[in-house]
Peer 1: 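Got a structure for you, questions after.
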There are 2 protein chains.
Amino acid sequence: MKRHVLIFGVVGGLLIAALQYTEYRFIIIEHSVELYGALVAILFAAFGIWLGLRITRSRETVRETVVVREVLVPADAPAVGPFAPNTARQQTLGITARELEILALIARGLSNREIATQLFVSENTVKTHCARAFDKLGAARRTQAVQRGKELGLLP
Amino acid sequence: MKRHVLIFGVVGGLLIAALQYTEYRFIIIEHSVELYGALVAILFAAFGIWLGLRITRSRETVRETVVVREVLVPADAPAVGPFAPNTARQQTLGITARELEILALIARGLSNREIATQLFVSENTVKTHCARAFDKLGAARRTQAVQRGKELGLLP
DNA sequence: CAAAAAATCATGCGAAAGGGTGACGACAGC
DNA sequence: GCTGTCGTCACCCTTTCGCATGATTTTTTG
C-alpha cells in the first residue's frame with residue numbers, strides 16, 4: 001500500500017516535469033492548458049482504474065468463492081448448477097485460491113502470458129503459481145494438472 | 001534493483017518540485033497551470049479508483065453469469081456409458097481417427113514422448129498429428145485443444 | 001504487533017511444445 | 001496409370017513450459 005503512494009507521487013512529479021518540458025520545447029498553441037489537463041486527466045484516470053483493480057482484487061476473489069460455495073452444497077448433481085469446487089479437497093492439498101484460479105484459466109486453454117495479462121500480474125508470477133499447483137497436484141504438465149483437477153472436483 | 005528505481009523516481013520528483021517551488025514561489029498566479037493539473041489529476045485519480053471498483057463489481061456479476069452458462073455447455077453428453085464421440089462434428093472438421101486418438105491421450109495429460117511410446121511411433125509423428133489437430137480445432141496449445149475437443153463433444 | 005501464509009517478481013536454464021517444410025510409402029478411387 | 005488422403009518420419013527454428021532459487025511485499029492470523 002505504501003508503494004502505491006510512492007508510485008502516485010513519482011508519476012505526478014514526472015508528469016509535471018513532462019508538462020514543463022513540453023511547455024518549453026513546443027510551440028504553445030491556443031488551448032494548451034486544456035490539452036495538458038486532458039492529458040493529465042487521461043493518465044490519472046488510467047492509473048486510478050489500475051489502482052482500483054489492484055486494491056479490490058483479492059477481496060473480490062474471496063467474495064466470489066463464497067458466493068459460489070453457498071449456491072450448491074448438495075452433492076450428486078453433476079450436470080447442472082454453477083459448479084461447486086471441492087473446497088475440502090482443495091484445503092487438504094493446500095491449494096490456495098489464487099492457484100486454483102490460475103488452474104481454471106489453464107483449463108480454459110490460456111497460456112501463461114495470457115493468464116498474466118488477464119490477472120494483471122507478471123508472467124513469472126503465473127509460473128510460480130503453476131509450479132506450486134502442479135507440485136500439490138502431483139502433475140508434471142499443465143494438461144496433467146487439468147486432468148487431476150477435474151478428477152478431484154476442483155475444476156468443472 | 002527495484003528500490004533503486006524507486007529512489008531515483010522519488011529524488012527526481014522532489015528535485016523537480018523543489019525547482020518549481022524556488023523558481024515560482026513569488027508569483028502564485030503562475031502556478032495556475034500546475035494547480036489546475038494537480039486538481040484534475042487528483043479528481044481523475046479518484047474517479048479512476050471509483051471506476052475501477054465499479055468495473056470490478058460488474059465483472060463479478062458477469063463472472064457469475066459465465067459460470068452458469070459454462071455448466072450448460074456440456075449438454076449433449078448423456079450421463080454414463082463408454083462415451084460416444086461426435087463423429088459428425090469430427091468429420092466436418094476433417095479430424096482423422098488417429099488425430100482424435102492422440103487428442104484423447106493429450107487430454108489424459110501425457111507428453112508427446114509418452115504418447116509416442118504408447119503408440120509405437122516417433123515423437124515427430126506425434127507432433128505432426130498434434131499440429132494438424134490443433135490447426136483443425138483452431139487451437140494454439142494442447143490445453144486449448146483439449147478444451148475445444150470437450151466443447152465439441154469429441155472428448156469425454 | 002509479530003509471526004505465518006500467501007502473493008508477487010526476477011533470473012537462469014533445460015526440456016518440451018509448436019510451426020514450417022519436405023519427404024516417402026500405402027491405399028483407395030477415378 | 002494418376003490423384004488424393006493418410007500415416008509416418010526428419011530437420012530446423014522459435015516460443016513456451018517447467019523447475020530451482022532467492023527475494024520482497026502484502027495479507028492473514030494468533
Side-chain angles (χ1 to χ4, degrees), chain A residues 1-7 50-51 53-63 65-66 90-103 105-107 109-146 148, chain B residues 1-7 90-91 93-103 105-107 109-146 148:
Chain A
M1 187 69 71
K2 246 168 200 174
R3 212 177 56 166
H4 298 155
V5 180
L6 273 181
I7 294 176
W50 171 80
L51 191 63
L53 285 175
R54 187 176 172 88
I55 289 174
T56 57
R57 194 172 44 214
S58 53
R59 263 170 234 162
E60 209 187 324
T61 312
V62 171
R63 209 188 295 168
T65 307
V66 170
Q90 177 187 345
Q91 291 209 341
T92 61
L93 290 173
I95 296 178
T96 69
R98 195 61 158 172
E99 285 160 4
L100 191 60
E101 190 178 2
I102 279 168
L103 218 49
L105 293 177
I106 287 177
L110 301 190
S111 69
N112 285 341
R113 185 162 304 174
E114 289 168 340
I115 294 173
T117 303
Q118 186 160 335
L119 295 182
F120 302 101
V121 296
S122 88
E123 193 178 338
N124 289 317
T125 303
V126 176
K127 284 189 179 185
T128 303
H129 286 308
C130 280
R132 288 181 183 156
F134 294 171
D135 182 53
K136 289 167 185 173
L137 283 172
R141 285 166 286 284
R142 41 180 49 217
T143 48
Q144 204 175 1
V146 170
R148 293 276 300 140
Chain B
M1 183 164 295
K2 193 137 205 176
R3 183 176 294 172
H4 298 155
V5 179
L6 271 180
I7 292 176
Q90 178 188 342
Q91 291 209 340
L93 289 174
I95 296 178
T96 71
R98 195 61 158 171
E99 286 159 4
L100 190 59
E101 190 179 1
I102 279 168
L103 218 49
L105 293 178
I106 287 177
L110 301 189
S111 70
N112 285 342
R113 184 162 302 173
E114 289 167 342
I115 295 173
T117 303
Q118 186 160 333
L119 297 183
F120 302 104
V121 296
S122 89
E123 193 178 336
N124 288 315
T125 303
V126 175
K127 284 190 179 184
T128 303
H129 286 309
C130 281
R132 287 179 184 161
F134 293 171
D135 183 52
K136 289 167 185 172
L137 283 173
R141 284 165 286 286
R142 43 181 47 217
T143 48
Q144 203 175 0
V146 170
R148 293 277 299 141

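Below, chain A is the first sequence line, B the second, and so on; all start at residue 1.
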Peer 1: C/dA6 P sits how many Å from A/Glu101 CD, rounded?
Peer 2: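 A/Glu101 atom CD is separated from C/dA6 atom P by 15 Å.
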Peer 1: Does C/dA7 have its OP1 or OP2 closer than 4.0 Å to a side-chain nitrogen or oxygen of A/Thr96?
Peer 2: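 Answer is yes, contact under 4.0 Å.
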Peer 1: Taking N and O atoms by type only, does the side chain of A/Ser111 place a donor or acceptor under 3.5 Å from a partner on the base of D/dC17?
Peer 2: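 No such pair is found, so the answer is no.
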Peer 1: Rounded to the nearest angstrom, tell me the gap between atom CZ in A/Phe120 and atom P in C/dT8.
Peer 2: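 Atom CZ in A/Phe120 sits about 12 Å away from atom P in C/dT8.
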Peer 1: Hey, which of these two, B/Lys127 or B/Gly94, hits DNA chain D nearer its 5' end, going by closest nucleotide?
Peer 2: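 The residue mapped nearer the 5' terminus is B/Gly94.
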Peer 1: When you get a sec, tell me which of C/dT8, D/dC19, C/dA17 is the closest nucleotide to the side chain of A/His129?
Peer 2: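 Of the options given, the side chain of A/His129 lies nearest C/dT8.
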Peer 1: If you round to the nearest 0.5 Å, how far is CD of A/Glu99 from CG of A/Leu137?
Peer 2: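 These two atoms lie 9.0 Å from each other.
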Peer 1: Just how far is it from atom CZ of A/Arg148 to atom CG of A/Leu103, taken to the nearest 0.5 Å?
Peer 2: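 So the gap between those two atoms works out to 11.0 Å.
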Peer 1: Could you state the CD1-P distance from B/Ile102 to D/dC9, rounded to the nearest angstrom?
Peer 2: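 Distance, rounded to whole Å: 10 Å.
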Peer 1: Looking at every heavy atom in both B/Arg141 and A/Leu110, which two are closest together, and how far apart are they?
Peer 2: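 Taking B/Arg141 first and A/Leu110 second, the nearest heavy atoms are NE-C, 3.8 Å.
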Peer 1: Hey, what bend do you get for the helix from C/dC1-D/dG30 to C/dC30-D/dG1 if you fit axes on five pairs at each end, rounded to 10°?
Peer 2: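 Taking five pairs per end, the axes differ by 60°.
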Peer 1: Calculate the interatomic distance between A/Ile106 atom CD1 and D/dT16 atom C1'; express it in whole Å.
Peer 2: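 Between C1' of D/dT16 and CD1 of A/Ile106: 12 Å.
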Peer 1: Report the distance from atom CD of B/Glu99 to atom C1' of D/dC6, rounded to the nearest whole Å.
Peer 2: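 Distance, rounded to whole Å: 9 Å.
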Peer 1: Any chance you could list the contact pattern along nucleotides 23-30 of chain C? Use B for base contacts, S for sugar-phosphate-only contacts and - for none, protein heavy atoms under 4.0 Å, 5' to 3'.
Peer 2: --------
Peer 1: Rounding to a whole Å, what distance do you find between B/Asn112:CG and D/dC9:P?
Peer 2: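 Value for this atom pair: 14 Å.
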Peer 1: Taking all non-hydrogen atoms of both residues, which atom of B/Ile106 and which atom of B/Cys130 are closest, and how far apart?
Peer 2: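 Minimum heavy-atom separation between B/Ile106 and B/Cys130: CD1-SG, 3.6 Å.
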Peer 1: Which listed nucleotide (D/dC9, C/dC9, C/dG19) is nearest to the side chain of B/Phe134?
Peer 2: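 Selected nucleotide (nearest to the side chain): C/dG19.
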Peer 1: Could you work out which one of C/dA17, C/dT11, C/dA6 sits closest to the side chain of A/Asn124?
Peer 2: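 Closest nucleotide to the A/Asn124 side chain: C/dT11.
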Peer 1: If the test is side chain to side chain contact (heavy atoms under 4.5 Å, CB included), which one of A/Val126, A/Ile102, A/Thr125 qualifies with A/Leu119?
Peer 2: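 Of the listed options, the one satisfying the test is A/Ile102.
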Peer 1: Is any side-chain N or O of B/Thr125 closer than 4.0 Å to OP1 or OP2 of D/dG7?
Peer 2: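 No, no such contact exists.
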Peer 1: Look at A/Arg98 and C/dT8 and indicate whether a side-chain polar atom (N or O) is within less than 4.0 Å of OP1 or OP2.
Peer 2: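 Looking at the OP1 and OP2 atoms of C/dT8, one of them is under 4.0 Å from a side-chain N or O of A/Arg98.
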Peer 1: C/dG14 C1' sits how many Å from B/Arg113 CZ, rounded?
Peer 2: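 Computing the B/Arg113:CZ to C/dG14:C1' distance gives 12 Å.
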Peer 1: Please give, in whole Å, the distance from C/dT8 P to A/Leu119 CG?
Peer 2: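 Spelled out: CG on A/Leu119 to P on C/dT8 is 8 Å.
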Peer 1: Answer yes or no: is there a side-chain heavy-atom contact under 4.5 Å between A/Lys136 and A/Thr96?
Peer 2: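 In contact.
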Peer 1: Quick check on contacts: within residues 136-144 of chain A, what sits under 4.0 Å from DNA chain D by heavy-atom distance?
Peer 2: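 Those residues whose heavy atoms fall under 4.0 Å from DNA chain D, taken from residues 136-144 of chain A in numerical order, are A/Ala140, A/Arg141, A/Arg142.
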Peer 1: CZ of B/Arg132 to CG of B/Asp135: how many Å apart, nearest 0.5 Å?
Peer 2: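 One gets 10.0 Å once the value is rounded to the nearest 0.5 Å.
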Peer 1: Check whether any side-chain nitrogen or oxygen of B/Ser122 sits under 4.0 Å from OP1 or OP2 of D/dA10, and answer yes or no.
Peer 2: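 For D/dA10, OP1/OP2 do have a side-chain N/O of B/Ser122 under 4.0 Å.
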Peer 1: B/Asn112 and side chain to side chain donor-acceptor pair (under 3.5 Å): which single residue from B/Arg142, B/Glu123, B/Lys127 fits?
Peer 2: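 Of B/Arg142, B/Glu123, B/Lys127, side chain to side chain donor-acceptor pair (under 3.5 Å) with B/Asn112 is met by B/Arg142 alone.
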